[in-house]
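Counting starts at 1 for both ligands and their atoms, in listed order.
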Amino acid sequence: MAAVRGARIEPVGHIAGAIALRDTNLLQLALGLTPPWTVTRADFDPEARRLDIEIDFAPGSRFACPACGVADCPAYDTERKTWRHLNFFQHQAYLNARVPRIRCGACGIRTVSVPWARPDSGFTLLFEALIMAVVSAMPVKAVARMVDEHDTRLWRVVHHYVDQARARIDASDVTQVAIDETAARRGHDYITLFVDIDQARALFAAEGKDAKTVGTFAADLTAHGGDPEAIEEVCVDMSPAFIKGVAENLPNAAITFDKFHAVKIVNDAVDQVRRIEQKRQGLLRGTRYIWLRNPANLSDRQRETLQNLPTRHLKTARAYQIRLAFQELYQQDTPEQAAAFLKRWYFWATHSRLPPVIDAAQTVKRHWVGILRWFDSKIANGLIEGINSLVQAAKAKARGYRSIRNLKAMVYLLAGKLDLRLPA
Ligand SMILES: [Zn+2]
């Protein structure tokens, strides 16, 4: 740290083989610098593929206090700093400057803000804007390789802009929420996603998949101007943890069990029936994916295989018919028709003499109200699938993400509809 005295400019360290550029007007214009900041020189080192631009402030300049804004503070001392900037053609470019500290009567000694970078960042604002644009299109690791920086430095930038944007979120009109969990890393960690259904945005991501996640969501909602008591509709899978969490934290919410998960319960039962039957019926070998699909989605080969099976005599085929019937529930026009349909289906399923199907029917029975609630809430299933595919994309972008915090930031970035306010 050197004391500022009059017009003295700190000497620039000599770089071997470097070319010092004397005409700095172009760089000054390109960087958009305004007084008191000027470009004093630039050193270009072709061997190191590096351009170093020196910036300094005019002697006797006065600065505003970065904390309270009081103007006209003289520099007290300076600290030399370097920032990575956008590449100069194919060469890395850096800005270098001595940054003044001021002594403010109210705030004490403070480092002034420079117009080209955030405090404590080693990148210029424009370099950060570039990073933010690129990380939503390709994995952070790949971006790190491309710009030749360590990925933890890039993650720091991502967190800064995502945190700032999330702090500005307005959740005051949120009344419908979809909750869904996703495995973060090979079945180890989970994150639970809370989606604002009306605006189709990922509102909150919590670590884990237990009842407590709903409590942390409710707190986050409140922190963003929302009201847990204003939540009227919640769409969840049949996880007892979420059901409990909703009952405890979102007291006025009616639960809809998401169609995808309801169908999955019955679909899993078909798969179990097939697995048991296959032990005696060798011809079922290799047919697993036929029974997991809808007839319209079968390949020609699968359709042929199915036609050649003695389906009349197969328990698996019977279970399959019951599953297809369950899906027809969602074609019913009114809540009354749906209730009558589900009653008939339940009778059929419980009289199927297929234990896995009977178990699935009992599960449906226990979640009866929430399954039929769909006919009132009509929560779009496509929305949850759409958000889920964004989460998969976030996982890919965050590959090798080191922490759940990084994954959550990527989910917000891709699915949060954030207003990032990037420097332009
Ligand atoms: Zn101050």
Side-chain angles (χ1 to χ4, degrees), residues 1-13 24 27-41 52-86 93-132 149 152-170 219-220 222-225 405 409 412 418-424:
M1 249 163 258
V4 174
R5 273 188 213 97
R8 195 174 67 86
I9 291 171
E10 285 180 333
V12 177
T24 53
L27 291 170
Q28 166 103 21
L29 276 171
L31 288 168
L33 291 183
T34 51
W37 299 102
T38 52
V39 173
T40 56
R41 76 178 262 172
D52 274 275
I53 299 170
E54 296 293 327
I55 297 173
D56 204 1
F57 55 89
S61 298
R62 305 238 156 189
F63 298 92
C65 169
C68 69
V70 71
D72 265 354
C73 307
Y76 161 80
D77 63 4
T78 63
E79 189 183 358
R80 193 168 162 77
K81 288 191 180 179
T82 296
W83 300 264
R84 172 91 188 262
H85 190 51
L86 298 175
Y94 293 85
L95 306 189
N96 303 277
R98 48 180 196 140
V99 180
R101 298 203 303 170
I102 49 111
R103 194 200 301 263
C104 168
C107 314
I109 292 169
R110 300 277 170 155
T111 303
V112 308
S113 329
V114 293
W116 57 84
R118 292 186 293 114
D120 303 319
S121 175
F123 300 134
T124 64
L125 292 169
L126 284 177
F127 191 78
E128 291 186 343
L130 171 79
I131 291 169
M132 293 306 289
E149 294 286 349
T152 53
R153 292 193 81 191
L154 305 195
W155 277 116
R156 223 173 288 148
V157 174
V158 171
H159 284 300
H160 169 79
Y161 287 99
V162 167
D163 289 352
Q164 294 267 302
R166 277 212 82 239
R168 291 191 290 265
I169 282 178
D170 176 12
D220 187 78
T222 308
H224 291 99
R405 182 168 173 252
Y412 291 138
L418 297 176
D419 171 17
L420 290 171
R421 299 193 192 164
L422 292 175

Could you please tell me which protein N, O or S atoms lie under 2.8 Å from the Zn ion (ligand 1)? Cys65 SG, Cys68 SG, Cys104 SG, Cys107 SG
List the atom pairs, with distances to 0.1 Å, where a side-chain N or O of residues 29-36 and a protein N or O form a donor-acceptor pair under 3.5 Å, not counting sequence neighbours.
none

Pairwise side-chain contact, Arg84 with Arg153, heavy-atom cut-off 4.5 Å (strictly under): no
Is the gap between the ring centers of Phe123 and Trp83 under 6.0 Å? no
Is there side-chain contact between Val158 and Met132, with at least one heavy-atom pair below 4.5 Å? yes
State which residues pass salt bridge (charged side-chain N to carboxylate O under 4.0 Å, His left out) with Arg110; sequence neighbours excluded, sorted by chain then number. none
Hey, can you pull the donor-acceptor pairs under 3.5 Å for the side chains in residues 62-70, sequence neighbours left out?
{"residue": "Arg62", "atom": "NH1", "partner": "Asp72", "partner atom": "O", "Å": "3.1"}

